[in-house]
**Q** 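Pasting a structure here, questions to come.
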Amino acid sequence: MHIGLIGLGKMGFNMRERMRKGGIEVTGFDRNQDIADVASVDELIAALPTPRLVWVMVPSGDITDAVISELGEKLSAGDMVIDGGNSRFTEDQKHAAFLDSKDIRFADCGVSGGVWGLQNGYGLMAGGADEDIELAMPVFDALRPEGDRADSFVHVGGVGAGHYAKMVHNGIEYGLMQAYAEGYELLAAKDIIKDLPGTFRAWQKGTVVRSWLLDLMVKALDEDPGLASIGDYVEDSGEGRWTVEEAIANAIPAPAITAALFARFSSREDNSPAMKMVSALRNQFGGHATRPAN
């Protein structure tokens, strides 16, 4: 199978490599020509066999809109576009309607795994028509971890469902990180705690709070005990806000996720060891930039 991939940033670059290792031929385009395989979208389209499959892996919002608009004018009837970025599910429905007017197929896919996906594989949440998801299944199989497909891939539903699931996934992630970070601050504040990193390390096996995020906490503390180099300003990339908005719209109580989002807002005003840890965790799993300590 041969696909096109637009966007070779922190995620896309590693996804291209993992797909190639999984037997998928990939032609990649990025504005950074040092990492691109072709010089333009036109060259990428010309390189692909028909019907073409193009995976878009660029920042959500205006950039995704622009790329999909360009593909809509340049691809042919029967070709297919997958948006693997973090677009809002309502944008998927808009993009699908636009491409459908050109007889171009569309699917959305939430992708989890961050900068570790090349090594570990990616968790995938796809939305779209059954036949479109089936067409792209070799790509999904190359990206996901080895083992049972159902453990790391789900066809959630129609267009938009994949990104809706990824939005809720990221909202849960906000709450989990906040709980770990608050625990970190509590332990750090108590003088009877003599081995803070060792406490988290001892939780990695056998406890009910063990997780990959906990493993990344230990790694962050190994690299920077006390997180002295990291500022406590924590960005929010959108999905947490959208999750809270959906909770309000559907009258679903989501106090933990909402509080975690508001804690990120408060991090921009106060000096907080907990928010240093949230910033460190975002850097560990997603490569998100941290702000230096003041």
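Only a predicted model underlies this, so the values are computations on that prediction, with no experimental measurement involved. Computed over heavy atoms, backbone and side chain alike; hydrogens, waters and symmetry mates excluded.
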**Q** How many angstroms lie between atom CD1 of I6 and atom CZ of R31, to the nearest 0.5 angstrom?
**A**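 With rounding to 0.5 Å, CD1 (I6) is 12.0 Å from CZ (R31).
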**Q** Do the side chains of M177 and M277 get nearer than 4.5 Å, heavy atoms only?
**A**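 No, every pair of side-chain atoms sits at 4.5 Å or beyond.
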**Q** Assess the side chains of D224 and S229: does a donor N or O sit below 3.5 Å from an acceptor N or O?
**A**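 Yes, S229 and D224 have a side-chain donor paired with an acceptor closer than 3.5 Å.
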**Q** Rounded to the nearest 0.5 Å, what separation is found between the CG atom of N86 and the NZ atom of K166?
**A**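 Rounded to the nearest 0.5 Å, the CG-NZ separation comes to 4.0 Å.
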**Q** By salt bridge (Lys or Arg N to Asp or Glu O under 4.0 Å), which residues pair with D222, not counting sequence neighbours?
**A**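 Checked D222 against salt bridge (Lys or Arg N to Asp or Glu O under 4.0 Å); matches are R201.
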**Q** Under the side chain to side chain contact (heavy atoms under 4.5 Å, CB included) rule, what do D79 and L53 come out as? Steps first, then yes or no, please.
**A** CA-CA 6 Å; D79 291 345; L53 176 58; over 6 Å; no
**Q** Would you give the length of the straight line joining atom CG of N170 to atom OG of S112, rounded to the nearest 0.5 angstrom?
**A**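 N170 atom CG to S112 atom OG measures 7.0 Å (nearest 0.5 Å).
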**Q** Dump the intermediate steps for side chain to side chain contact (heavy atoms under 4.5 Å, CB included) on T207 and R210, then the final yes or no.
**A** CA-CA 6 Å; T207 74; R210 65 190 184 274; 4.0 Å; yes
**Q** Using side chain to side chain contact (heavy atoms under 4.5 Å, CB included), reason through Y184 and L227 one step at a time and then give a plain yes or no.
**A** CA-CA 11 Å; Y184 165 79; L227 307 179; 4.0 Å; yes
**Q** I'd like to check M80 versus F106 (side-chain heavy atoms, cut-off strictly below 4.5 Å). Are they in contact?
**A**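 In short, these two side chains do not touch, never coming nearer than 4.5 Å.
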**Q** Tell me the closest heavy-atom pair linking V159 and A96, and the distance in Å.
**A**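 That would be CG1-CB, 3.8 Å.
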**Q** For E182, enumerate each residue passing the salt bridge (Lys or Arg N to Asp or Glu O under 4.0 Å) test, keeping only those at least two apart in sequence or located in another chain.
**A**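 For E182 there are no salt bridge (Lys or Arg N to Asp or Glu O under 4.0 Å) partners, ignoring immediate neighbours.
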**Q** State yes or no: do F265 and Y174 share one hydrophobic cluster built from I, L, V, M, F, W and Y residues joined by side-chain heavy-atom distances below 4.5 Å, directly or via other members?
**A**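 Cluster IDs for F265 and Y174 match.
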**Q** Would you say V218 ends up clustered with W212 if hydrophobic residues are merged whenever their side chains have heavy atoms under 4.5 Å apart, either directly or through other cluster members?
**A**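 Yes; tracing contacts between hydrophobic side chains, which count when under 4.5 Å, links both residues.
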**Q** If we ignore hydrogens and angles and just use 3.5 Å, is the side chain of D195 paired with the main-chain N or O of T199 as donor and acceptor?
**A**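 Answer holds: no.
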**Q** Heavy atoms, side chains only, cut-off 4.5 Å: are V111 and M57 in contact?
**A**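 Yes. Closest side-chain heavy atoms under 4.5 Å.
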**Q** For residues 118-131, pull every pair meeting side chain to side chain donor-acceptor pair (under 3.5 Å), keeping only residues two or more places apart or in separate chains.
**A**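 Qualifying pairs: none.
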**Q** For D37, enumerate each residue passing the salt bridge (Lys or Arg N to Asp or Glu O under 4.0 Å) test, keeping only those at least two apart in sequence or located in another chain.
**A**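 Partners of D37 by the salt bridge (Lys or Arg N to Asp or Glu O under 4.0 Å) criterion, ordered by chain and then number, come out as R16, R20.
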**Q** Verify the neighbour count for atom CD of E223: are there more than 12 heavy atoms of other residues, nucleotides or ligands below 6.0 Å?
**A**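 Yes, the 6.0 Å shell around CD holds more than 12 heavy atoms from other groups.
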**Q** Got a donor-acceptor contact below 3.5 angstrom from the N250 side chain to the E246 backbone?
**A**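 Side chain of N250 to backbone of E246, a donor-acceptor pair under 3.5 Å: yes, one is there.
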**Q** Find out whether Q204 and D215 are in side-chain contact, i.e. whether some heavy atom of one side chain is under 4.5 Å from a heavy atom of the other.
**A**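 Counting from C-beta outward, Q204 and D215 do come under 4.5 Å.
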**Q** Closest heavy-atom contact between G85 and D83?
**A**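 That closest heavy-atom pairing would be N-OD1, 3.0 Å.
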**Q** Verify side-chain hydrogen bond (donor to acceptor under 3.5 Å, both in side chains) between Y180 and S211, making sure each step is shown before the conclusion.
**A** CA-CA 11 Å; Y180 279 128; S211 74; 2.8 Å; yes
**Q** Between A39 and Q33, what is the shortest heavy-atom contact and its length?
**A**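 Closest heavy-atom pair between A39 and Q33: CA-OE1, 3.2 Å.
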**Q** Check for me, please, whether F285 and V209 land in the same ILVMFWY cluster - side-chain distances under 4.5 Å, paths through other members count.
**A**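 Same cluster.
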**Q** Under the criterion side chain to side chain contact (heavy atoms under 4.5 Å, CB included), I'd like the reasoning laid out for R105 against L99: C-alpha separation, chi angles, the key distance, then a yes or no.
**A** CA-CA 7 Å; R105 296 180 286 181; L99 292 174; over 6 Å; no
**Q** Under 3.5 Å, is there a donor-acceptor pair between the side chain of T243 and the main chain of M167?
**A**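 Judged by distance alone, yes, a pair lies under 3.5 Å.
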**Q** With hydrophobic residues grouped by side-chain heavy-atom distances under 4.5 Å, do V154 and M137 end up in a single group?
**A**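 The answer is no; the residues belong to distinct hydrophobic clusters.
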**Q** Which atoms form the tightest heavy-atom contact between V41 and E70, and what is the distance?
**A**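 Residues V41 and E70, closest heavy atoms: CB-OE2, 3.6 Å.
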**Q** Run the salt-bridge test on D141 and R149 with the 4.0 Å N-O cut-off and return the result as yes or no.
**A**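 Judged by the 4.0 Å cut-off on N to carboxylate O distance, D141 and R149 do form a salt bridge.
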**Q** State, with a plain yes or no, whether a side-chain heavy atom of D108 is found less than 4.5 Å away from one of I82.
**A**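 Of all side-chain heavy-atom pairs linking I82 with D108, none is under 4.5 Å.
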**Q** How long is the gap from CG on L281 to OG1 on T290, to the nearest 0.5 Å?
**A**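 Going from CG on L281 over to OG1 on T290, the span is 12.0 Å.
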**Q** Donor-acceptor pair, distance only, cut-off 3.5 Å: does the side chain of D30 make one with the backbone of L8?
**A**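 Judged by distance alone, yes, a pair lies under 3.5 Å.
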**Q** Please answer: with hydrophobic residues joined when any side-chain heavy atoms are less than 4.5 Å apart, are L75 and I3 in the same cluster?
**A**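 L75 does not cluster with I3.
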**Q** Roughly how far, to the nearest 0.5 Å, is the CZ atom of F13 from the CG atom of L118?
**A**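 Nearest 0.5 Å value for the CG-CZ distance: 9.0 Å.
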**Q** Any chance you could measure S40, atom OG, to E43, atom CD, to the nearest 0.5 Å?
**A**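 Reported value, rounded in 0.5 Å steps: 4.0 Å.
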**Q** Could you check whether any side-chain heavy atom of L143 comes within less than 4.5 Å of a side-chain heavy atom of F153, counting everything from C-beta outward?
**A**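 No; the side chains remain at least 4.5 Å from each other.
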**Q** With sequence neighbours excluded, give me every ring pair (Phe, Tyr, Trp, His ring centres under 6.0 Å) pair touching residues 73-95.
**A**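 The answer is F89-Y164.
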**Q** Return yes if some donor-acceptor pair links the side-chain N/O of W116 with the main-chain N/O of Q284 below 3.5 Å, else return no.
**A**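 Confirmed, W116 side chain pairs with Q284 backbone.
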**Q** Please enumerate all residues that pass salt bridge (Lys or Arg N to Asp or Glu O under 4.0 Å) together with R88, with sequence neighbours excluded.
**A**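 Once residues adjacent in sequence are excluded, the partners of R88 under the salt bridge (Lys or Arg N to Asp or Glu O under 4.0 Å) criterion are E245.
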**Q** Quick check against the 3.5 Å criterion: does H155 have a side-chain atom that pairs as donor or acceptor with the backbone of G157?
**A**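 Answer holds: yes.
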**Q** Can you find a heavy atom in the side chain of M19 that is under 4.5 Å from one in the side chain of L5?
**A**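 Sidechains of L5 and M19: in contact.
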**Q** Might you point out which heavy atoms bring W55 and G84 nearest each other, and give the distance in Å?
**A**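 Closest pair (atom of W55, atom of G84, distance): NE1-CA, 3.5 Å.
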**Q** For residues V278 and Q178, report the shortest heavy-atom separation together with the two atoms involved.
**A**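 Reported closest heavy-atom pair: CG2-OE1, 3.8 Å.
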**Q** Tell me whether F98 at atom CZ has more than 12 heavy atoms from other residues, nucleotides or ligands lying less than 6.0 Å away.
**A**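 Count over threshold, so yes.
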**Q** Could you tell me whether the side chain of R18 and the main chain of R144 form a donor-acceptor pair under 3.5 Å?
**A**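 Yes.
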**Q** Is there a side-chain contact between L48 and L44 (heavy atoms, below 4.5 Å)?
**A**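 In contact.
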**Q** Closer than 3.5 angstrom, by distance alone: can the side chain of H163 be matched with the main-chain N or O of A126 as a donor-acceptor pair?
**A**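 The answer is no, because no donor-acceptor pair under 3.5 Å joins these two groups.
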**Q** Does K276 reach the main-chain N or O of I230 with its side chain, forming a donor-acceptor pair under 3.5 Å?
**A**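 At least one qualifying donor-acceptor pair exists.
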